[in-house]
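These notes are about the structure you will find just below.
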Amino acid sequence: MKPLAARFYARDTKVVARALVGHILVSDVGGRRTAGRIVETEAYTGPRDPACHAWGGRRTARLEQLYGPPGTAYVYFTYGMHWCLNAVTEAVDYPAAVLIRALEPLEGLAVMRRRRGGVSDRLLCAGPARLCEALGVTGRLDGAVLQRGVLRILDNKARRDRIVVTPRIGVSRAIDWPLRFCAAGSPWLSRPTAAR
DNA sequence: GGTAGGATAAGCT
DNA sequence: GCTTATCCTACCA
């Protein structure tokens with residue numbers, strides 16, 4: 001499988017978030033291969049989105065990679081202990097991204113289990129911070145290019161998922177915006193979602 | 001089955 | 001001081 005080209009990400013963030021479901025995220029962090037199929041994403045659509053870190057046009061050192069070119073990683077630290085991975089979208093200097101929220105583990109399960117401290121396989125990658133831990137993603141990958149290097153998203157031509165759309169998880173603003181995209185019926189989601 | 005509270009740090013008001 | 005795009009454990013039913 002080939003990586004998704006940068007132009008895949010240079011589109012409306014909602015479109016990219018929906019289109020990413022079913023593609024394959026691969027990590028070679030630490031020289032060990034782990035990979036999974038993306039089954040859940042959320043769109044954070046830029047300065048007019050109250051739940052986006054760059055709401056109102058905020059731009060600080062921590063947010064710099066959110067303003068980077070489409071097809072790069074924005075990795076941020078939260079709650080004092082967790083990393084979360086986003087794929088930057090749209091255009092350079094426009095702060096929008098897709099949060100990767102859950103994977104179906106495909107490769108490197110033994111590595112994932114070790115990194116995750118022996119939780120059940122169901123929970124290896126079922127949440128944005130969980131999948132970062134399983135794949136070894138940390139702030140060192142903030143700004144990394146997703147077409148080559150240790151973190152890549154590969155084009156899965158065989159993907160055929162029905163998509164369920166719901167409000168985003170864990171946000172306290174714009175709580176009803178339908179910007180979470182899930183593979184319908186997947187058992188690997190961060191939380192069960194009624195299929196439709 | 002469910003929910004409440006704690007861990008832990010950066011950034012904002 | 002308070003909030004945060006979270007997760008885990010403990011406790012109760």
Side-chain angles (χ1 to χ4, degrees), chain A residues 9 12-18 20-21 25 34 36 38-68 70 72-90 94-105 112-144 146 151 153 164-183 187-194:
Chain A
Y9 303 91
D12 181 89
T13 303
K14 298 185 295 295
V15 171
V16 178
R18 176 185 283 267
L20 272 175
V21 174
L25 177 62
T34 48
I38 297 169
V39 295
E40 180 179 343
T41 64
E42 284 176 1
Y44 289 85
T45 63
R48 306 264 310 259
D49 176 353
C52 184
H53 288 163
W55 183 35
R58 277 182 43 231
R59 185 165 187 165
T60 64
R62 191 176 87 122
L63 301 179
E64 199 49 36
Q65 301 305 331
L66 182 54
Y67 284 80
T72 60
Y74 165 52
V75 183
Y76 68 89
F77 188 65
T78 192
Y79 292 103
M81 60 184 89
H82 298 304
W83 296 100
C84 293
L85 169 68
N86 297 252
V88 175
T89 59
E90 307 212 19
Y94 189 85
V98 174
L99 174 69
I100 311 296
R101 283 197 57 91
L103 304 176
E104 172 184 345
M112 292 186 188
R113 291 185 189 111
R114 189 164 68 246
R115 286 177 175 152
R116 294 278 295 119
V119 300
S120 75
D121 284 4
R122 215 305 271 166
L123 297 177
L124 278 180
C125 298
R130 288 167 174 162
L131 73 89
C132 280
E133 187 169 46
L135 269 58
V137 173
T138 67
R140 291 208 313 281
L141 291 170
D142 194 28
L146 297 173
L151 248 201
I153 300 178
V164 177
V165 185
T166 78
R168 293 174 289 189
I169 305 291
V171 299
S172 58
R173 292 176 290 231
I175 59 173
D176 55 345
W177 291 19
L179 293 176
R180 173 172 174 252
F181 301 90
C182 304
W188 305 103
L189 301 176
S190 66
R191 62 179 63 183
T193 298

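Lettering of chains follows the sequences in order, A, B, ..., and the numbering in each one begins at 1.
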Among [options], find the nucleotide with the atom closest to the side chain of [X].
X	options	result
A:Thr78	B:dG11, C:dT4, C:dC7	C:dT4
A:Phe77	B:dA9, C:dT6, C:dA5	B:dA9
A:Met81	C:dA5, C:dT4, B:dA7	B:dA7
A:His82	B:dT8, C:dC7, C:dA5	C:dC7

I need the single residue from A:Arg130, A:Arg101, A:Arg18 that forms a salt bridge (charged side-chain N to carboxylate O under 4.0 Å, His left out) with A:Glu40. Which is it?
A:Arg101
Picking from A:Lys14, A:Arg173, A:Arg58, A:Arg168, what satisfies salt bridge (charged side-chain N to carboxylate O under 4.0 Å, His left out) with A:Asp49?
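Per the salt bridge (charged side-chain N to carboxylate O under 4.0 Å, His left out) rule, the option paired with A:Asp49 is A:Arg168, out of A:Lys14, A:Arg173, A:Arg58, A:Arg168.
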Electrostatic pair A:Glu133:A:Arg115 at N-O distance under 4.0 angstrom
no
Integer-rounded Å distance: [N] [atom2] and [X] [atom1]:
X	N	atom1	atom2	answer
A:Ile169	C:dT4	CD1	P	16 Å
A:Trp55	C:dT3	CH2	C1'	13 Å
A:Arg173	C:dT4	CZ	C1'	9 Å
A:Arg191	C:dC8	CZ	P	13 Å
A:Leu124	C:dC7	CG	P	13 Å
A:Tyr79	B:dA7	OH	C1'	12 Å
A:Ile100	C:dA5	CD1	C1'	13 Å
A:Arg115	C:dC7	CZ	C1'	18 Å

Is there a side-chain contact between [X] and the phosphate of [N], meaning an N or O under 4.0 Å from OP1 or OP2?
X	N	answer
A:His53	C:dA5	yes
A:Arg62	B:dA10	no
A:Arg116	C:dC7	no
A:Ser172	C:dT4	yes
A:Arg130	C:dC8	yes

Output the distance between atom CH2 (A:Trp188) and atom CG (A:Leu123), rounded to the nearest 0.5 Å.
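Rounded to the nearest 0.5 Å, the CH2-CG separation comes to 9.5 Å.
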Might you point out which heavy atoms bring A:Val75 and A:Thr138 nearest each other, and give the distance in Å?
CG1-O, 3.6 Å
Shortest non-hydrogen contact between A:Ala102 and A:Leu131, atoms and distance
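In this case the closest contact between A:Ala102 and A:Leu131 is N-CD2, 3.6 Å.
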Under 3.5 Å donor-acceptor pair, A:Tyr76 side-chain atoms to C:dA5 base atoms:
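Indeed there is one.
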For A:Ala129, report the nucleic acid contact type (base, sugar-phosphate, nothing); a contact means any heavy atom under 4.0 Å.
sugar-phosphate
Note every stem involving DNA chain B: at least three consecutive Watson-Crick or G-U wobble pairs, i with j then i+1 with j-1, with both distances under 3.5 Å.
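Stems found: B:1-7 with C:6-12, B:9-12 with C:1-4.
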Does CD1 belonging to A:Ile175 count more than 12 external heavy atoms closer than 6.0 Å?
no
Cation-aromatic face contact A:Arg62/A:Phe77, 6.0 Å, 45 degrees:
no
